[in-house]
*Asks:* 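Supplied in structure tokens, the structure appears directly below.
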Amino acid sequence: MQTKIPQTAAVMSALLRADFTTLWRNRRSLRLVLLVPVVIVISWKGMVKMMGGPYVIAGGITIGLISIGLLGYTNSIARDRDKGVFQRLRVGPVAAWTIMCSRIMVQIATIMAMTIAIFAVGNLVDKIVLSPLGYLTGFFAAVLGGALYLSLGQLIVGLIKNPETVNSTTRLVYFIFIMVGMLGNFGVLGDVVKEMVQWSPYGVVNRMIGTALQPETWNLQATYALLATLGYTAIFGILGIRFFKWN
Amino acid sequence: MSNQQRAILEVDQLSVSYGSFQAVQRVSFTVESGEIFGLLGPNGAGKTSTLSAIEGLLRPQGGQINVAGFSILDQPLYAKANMGVQLQSTSFQAELNVAEIIRLFSGIYGRELSPAEVEEKLVEINLQDSATKRFGQLSGGQQQRVSLVISTIHDPQLVLLDEPTTGLDPQSRRQLWDRIEAIKAKGHAVLLTTHSMEEAEAVCDRIAIIDHGRVIAIDTPEALIAAHRNDPDVIAVCRKGKITLEDVFIGLTGRAVRS
């Protein structure tokens with residue numbers, strides 16, 4: 001009897017359908033993940049005149065990306081690994097990368113939805129209007145920034161096996177990123193911290209998105225932020241995959 | 001070897017170790033088409049490691065495993081396409097319902113089912129009213145039925161069942177035995193692990209007893225009983241005068257409780 005292995009497209013389609021269904025059924029927690037950046041954009045309305053619309057939008061998107069990468073992706077991977085969901089998938093004729101690729105694609109779709117939501121809230125509530133090119137480049141910068149936080153999540157779930165420890169670690173990292181990132185960026189914590197924050201994963205993503213939202217202002221600093229984002233993503237991703245255990 | 005009795009699973013000199021601990025040492029056996037083969041052993045004997053290596057979940061330190069002629073090491077996807085697996089503790093995405101789980105795995109095995117075909121599968125296992133239930137809402141017996149239908153969804157030549165009847169009531173267990181025998185009747189091979197000697201005697205054509213990572217006996221249940229009925233260790237553990245497979249098992253593996 002001739003053996004046929006399923007086509008990658010068919011496998012991906014089945015996995016994506018299941019992963020999107022899972023995401024949809026978890027829409028309550030998804031709403032909570034999206035709520036924080038939306039609230040940030042609304043509450044920063046007063047800063048639009050002072051700092052500019054792109055700054056507010058970039059801040060909201062950056063926080064949303066941290067939420068999705070650290071709270072959404074990482075915890076779902078840790079939970080499913082612990083429950084043996086991956087084991088069950090891996091005994092099938094499925095290349096391991098398709099399982100992870102499907103998960104990541106669902107998160108990227110979430111990132112896209114969050115970015116559009118922030119653009120809409122920024123426009124409707126804060127009256128922030130960007131050029132069409134600004135929306136487009138900002139959108140791609142958000143996806144790129146999202147990759148950094150997904151790879152950071154991958155690193156956490158690669159280094160830590162216990163799902164409860166993963167959960168508490170991601171919450172701690174999330175809190176540190178938000179508090180130190182926001183306050184440090186404002187200069188509240190001093191110049192040294194401000195400089196550190198600007199080159200941290202928070203700072204580089206924030207700067208890259210902020211400049212991408214107004215592409216006419218793209219400069220060398222933004223290019224450095226882009227390169228740093230790619231560098232962080234590569235390092236976190238490689239280490240995260242290297243240390244990741246499926247069971 | 002005739003066409004009806006060909007080796008579907010060939011395990012040759014399999015060795016698995018975790019650091020310096022050798023969990024499986026040069027284990028060899030074959031499972032033929034139309035055969036139910038039982039792998040028995042006390043806790044920690046090496047059954048799960050052997051099964052995990054066959055399933056491709058861990059890479060052995062030595063030996064060869066072929067499924068339907070495909071090496072699990074060199075052609076894992078081809079080997080897995082010929083294999084259906086029911087893991088000891090099956091878990092599916094908690095958010096998916098039973099019909100969605102069946103659709104997911106039909107896609108993964110390249111046998112995409114339409115909603116009507118999924119319904120047919122559910123009727124087959126008497127769960128037509130549970131299509132929209134989550135897996136966790138099913139009873140143990142219902143969960144096993146879903147797991148079994150998923151492991152055979154692609155009509156594999158080899159079905160691996162890891163302690164399939166653990167925790168089931170007698171009715172569910174008998175029903176599962178019937179389903180396992182139906183797989184055999186189709187000419188497929190079944191490898192199952194179990195702690196129930198009654199189950200091994202009832203459904204297995206041949207069994208291998210594994211202990212401390214080595215196969216210490218391999219034969220039909222009747223032949224094993226006949227071969228060891230006069231062993232002093234077996235007679236010493238016999239409880240009701242008639243030597244059973246459990247007596248042989250305890251006689252060969254010892255009375256000490258394993259962790």
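Because the structure is predicted, anything quoted here is derived from the model rather than measured. Scope of the values below: all heavy atoms of this structure, side chains included, with no hydrogens, waters or symmetry mates.
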*Asks:* Would a 4.5 Å heavy-atom cut-off, applied to side chains only, mark A/Thr21 and B/Gln93 as touching?
*Replies:* no
*Asks:* Tell me, side chain or backbone of A/Leu15 under 4.5 Å from chain B's heavy atoms, or both, or neither?
*Replies:* both
*Asks:* Could you report the tightest heavy-atom contact between A/Thr3 and B/Phe70, atom names first, then the distance?
*Replies:* OG1-CE1, 3.2 Å
*Asks:* Any heavy-atom pair between the side chains of B/Leu57 and A/Asn247 that's under 4.5 Å?
*Replies:* no
*Asks:* Is there a donor-acceptor contact under 3.5 Å from the side chain of A/Lys4 to the main chain of B/Ala81?
*Replies:* no
*Asks:* Report, as yes or no, whether the 6.0 Å neighbourhood of atom CZ on A/Arg27 holds more than 12 heavy atoms from other residues, nucleotides or ligands.
*Replies:* yes
*Asks:* Under 4.5 Å from any heavy atom of chain A, what part of B/Ala94 do you find: side chain, backbone, both or neither?
*Replies:* side chain
*Asks:* Report, by ascending residue number, the residues of residues 96-120 of chain B in heavy-atom contact with chain A at a distance under 4.5 Å; give 'none' if the set is empty.
*Replies:* B/Leu96, B/Asn97, B/Glu100, B/Arg103, B/Leu104, B/Phe105, B/Gly107, B/Ile108, B/Tyr109, B/Gly110, B/Glu112
*Asks:* Among the options A/Val11, A/Val91, A/Asp80, A/Asn26, pick out the one with the most heavy-atom pairs lying under 4.5 Å from chain B.
*Replies:* A/Val91
*Asks:* With sequence neighbours excluded, what pairs up with B/Thr152 under the side chain to side chain donor-acceptor pair (under 3.5 Å) test?
*Replies:* none
*Asks:* If you tally heavy-atom pairs under 4.5 Å against chain B, which of A/Pro6, A/Pro93, A/Ala95 wins?
*Replies:* A/Pro93
*Asks:* Shorter than 4.5 Å, heavy atoms on both sides: which option in A/Arg79, A/Arg17, A/Arg90 has the most such pairs with chain B?
*Replies:* A/Arg17
*Asks:* With a 6.0 Å cut-off (strictly less than), is the heavy-atom count around CZ of B/Phe29, excluding the residue itself, greater than 12?
*Replies:* yes
*Asks:* For A/Met100, is the CE atom crowded, meaning more than 12 foreign heavy atoms sit under 6.0 Å from it?
*Replies:* yes
*Asks:* Quick one: which of A/Ser13, A/Ala10, A/Gly92, A/Ser76 has the most heavy-atom pairs under 4.5 Å with chain B, could you say?
*Replies:* A/Gly92
*Asks:* Might you confirm whether atom CZ of A/Phe140 has over 12 heavy atoms from other residues, nucleotides or ligands at distances under 6.0 Å?
*Replies:* no
